[in-house]
Number of protein chains: 2
Amino acid sequence: MQNAQEINGRSLEKEEGRLNSERIVDYIENEIIHGRLRKGDKLPTERRMAEEMSVSRASVREAVKALEAMGVVKSVQGSGNYITDDPDSTINRPLCTLFALSDGTLDNLLQLRALLEIEACKDIITAASDEDIRELGRLMSYDYNAAAREQAKLDSKFHMSIVQLSRNTLVRYLYTTVLRLIDVYRERVLEETEQRGESNLTKRDHEDIVLALRKRDLTAVTQVLRSHILLNKDYRDALDRPYRTLV
Amino acid sequence: MQNAQEINGRSLEKEEGRLNSERIVDYIENEIIHGRLRKGDKLPTERRMAEEMSVSRASVREAVKALEAMGVVKSVQGSGNYITDDPDSTINRPLCTLFALSDGTLDNLLQLRALLEIEACKDIITAASDEDIRELGRLMSYDYNAAAREQAKLDSKFHMSIVQLSRNTLVRYLYTTVLRLIDVYRERVLEETEQRGESNLTKRDHEDIVLALRKRDLTAVTQVLRSHILLNKDYRDALDRPYRTLV
DNA sequence: ACAGCAAATTGGCCTGACCAATTCAAAGTA
DNA sequence: TACTTTGAATTGGTCAGGCCAATTTGCTGT
């Protein structure tokens, strides 16, 4: 088998120390970072890549699976491997298990959540249209007497909608992940305690948030958000325990 | 070949739709999240896992490579696969290419960086010891006349040291990643423009930061950090261009 | 022009083999 | 006894080549 190869004039020599699959991952990552491969593009066939890079298909597959784990590639049987950028499946899972490994606490999560959401609100206050904010108001008017589980879902949706108005891609991505991590815990709590009313507090908070946004009052929105997120009594008992032990 | 299997009483039936490698990833992730596998632990042999789960070693390897891409596992030839939690190799690369895919701008990055570092400073001001802050001061006193590249490296180290004092695991992790993304760009700039003095500004800022921390003055530290990070003229021309086009 | 079907394509998975780094225990030595 | 050496066993890295299953493609007949 050959050892040196060229693809697009780029050398793919068998470097010392690096695994085949790593080299392939690097190559594809590079193509992406430099814009030669873009969202939706189809990668060459596994068999073809294997041949071009003079490696076995097994190595190529390991690379593809790695990229898929990073959420950069999506495999479709019978069709091909495609570049994607789903922020959900992406950073999400890695960050989740990583966080579990790291003895991070629930409080860590909530703190970051508040940080990101407040940042998004800054953007909203300075740049969002009145219509955008009105839309948030509509999202807010859901049934606050529905089942707890359903309600939690809508609550998440409300907050997600806020953050989606941020102009910062990274903030939107990370918030998605952080909120999901929190939701996992929330779900767990719901399983155990099942139901419980008291969503009036939530309703009140949500109204206050939208109101403050409408007034473009950052101080107010910051205050409400901090208490809404950080002082939620559902979390109080668990704040300082490692997230890992909660889910 | 068998289809149903049990490991630790947990069923691993061949579910519809899920890939073998995915099932294995899920299984291991789960073991981690629930604390049954911890940092430093060694995974079972690839051959053993393959046998236990009734799949081929190829599938197991795809799963292991996926976990490695997420930074959760580290493979060592001849030795084994180990649970790790290196925040560097971890979230870092995925986030990097993902960010490249997403049209995120350099400004997005800097904004988030400021956010995280200021959050860390809050922690420092309320909880760090005077000794910790003195240590920062020592880190700061490096040669501000060294080569630009060397200087950039020390600058990063200084800021990293600040954030490492945060009690929030997630903040520390994310900052590492964000800073690295920025450094990639910075490195690029250095390659092009090569050298240039003017590090007195940096020196001044760093002094101000440590001073403000020493005084436990959050307002001051916030102000200095924001201008230090956001108003750096090196970035000015590139702020609104997609990060992808910069590296 | 369209619907239906069959072949080609493409990813998913398996077997079984060999290499290379590491580990480990037995044998040898000081 | 304690340390070193060394070779076998272990374990990840890679390969070849095959079969299956989903999808795509293109031909065919209406």
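So you know, we letter chains A, B, ... as the sequences are listed, proteins then strands, and number each from 1. Below, all heavy atoms of this structure are taken into account, side chains as well, without hydrogens, waters or symmetry copies.
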Self-check item: Residues that B/E135 engages under side-chain hydrogen bond (donor to acceptor under 3.5 Å, both in side chains), provided they are two or more places apart
Solution: B/R138

Collect all protein-nucleotide pairs involving nucleotides 17-27 of chain D in which both atoms are nitrogen or oxygen and the distance is under 3.5 Å.
from, atom 1, to, atom 2, distance (Å)
D/dA21, N3, A/Q77, NE2, 3.3

Quiz item: For A/R38, does its backbone N or O pair with a side-chain atom of A/D41 as donor and acceptor, under 3.5 Å?
Solution: yes

Quiz prompt | Check: B/D107 side chain, B/D240 main-chain N or O, donor-acceptor pair, under 3.5 Å | solution = no

Quiz item: How many Å lie between CG on B/N81 and P on C/dT23, as a whole number?
Solution: 13 Å

Practice problem: Give A/K65 one of three labels, base, sugar-phosphate or nothing, depending on what nucleic acid heavy atoms sit under 4.0 Å from its own. | Solution: sugar-phosphate

Quiz item: In whole angstroms, how far is the C1' atom of C/dC14 from the CD atom of B/E46?
Solution: 15 Å

Quiz prompt | Minimum-distance nucleotide (side-chain atoms of A/N20 versus C/dC13, C/dT10, D/dT14) | solution = D/dT14

Quiz item: What's the CD-C1' distance between B/E62 and D/dG13, to the nearest Å?
Solution: 14 Å

Quiz item: Does a nitrogen or oxygen in the side chain of A/S56 sit under 4.0 Å from OP1 or OP2 of D/dC15?
Solution: yes

Exercise. Return yes if some donor-acceptor pair links the side-chain N/O of A/E68 with the main-chain N/O of A/S75 below 3.5 Å, else return no.
Key: yes

Quiz item: Got a sec, which pairs hit salt bridge (charged side-chain N to carboxylate O under 4.0 Å, His left out) with one end in residues 158-172 of chain A, sequence neighbours left out?
Solution: A/D123-A/R167

Quiz item: Are A/S59 and D/dC15 close enough that a side-chain N or O sits under 4.0 Å from OP1 or OP2?
Solution: yes

Self-check item: N/O donor-acceptor pair under 3.5 Å between A/R186 side chain and A/A152 backbone
Solution: yes

Quiz item: For the side chain of B/K42 and the backbone of B/S79, is there at least one donor-acceptor N/O pair under 3.5 Å apart?
Solution: yes

Quiz item: Taking atom P of C/dG12 as reference, at what distance in whole Å does atom CG of A/L43 sit?
Solution: 12 Å

Quiz prompt | Whole-Å distance separating the CG atom of A/L19 from the P atom of C/dA20 | solution = 14 Å

Self-check item: Integer-rounded Å distance: C/dG12 P and B/R23 CZ
Solution: 14 Å

Exercise. Mind calculating the distance between NZ (B/K74) and P (D/dG12) to the nearest angstrom?
Key: 14 Å

Quiz item: Whole-Å distance between C/dC14 C1' and B/R61 CZ?
Solution: 15 Å

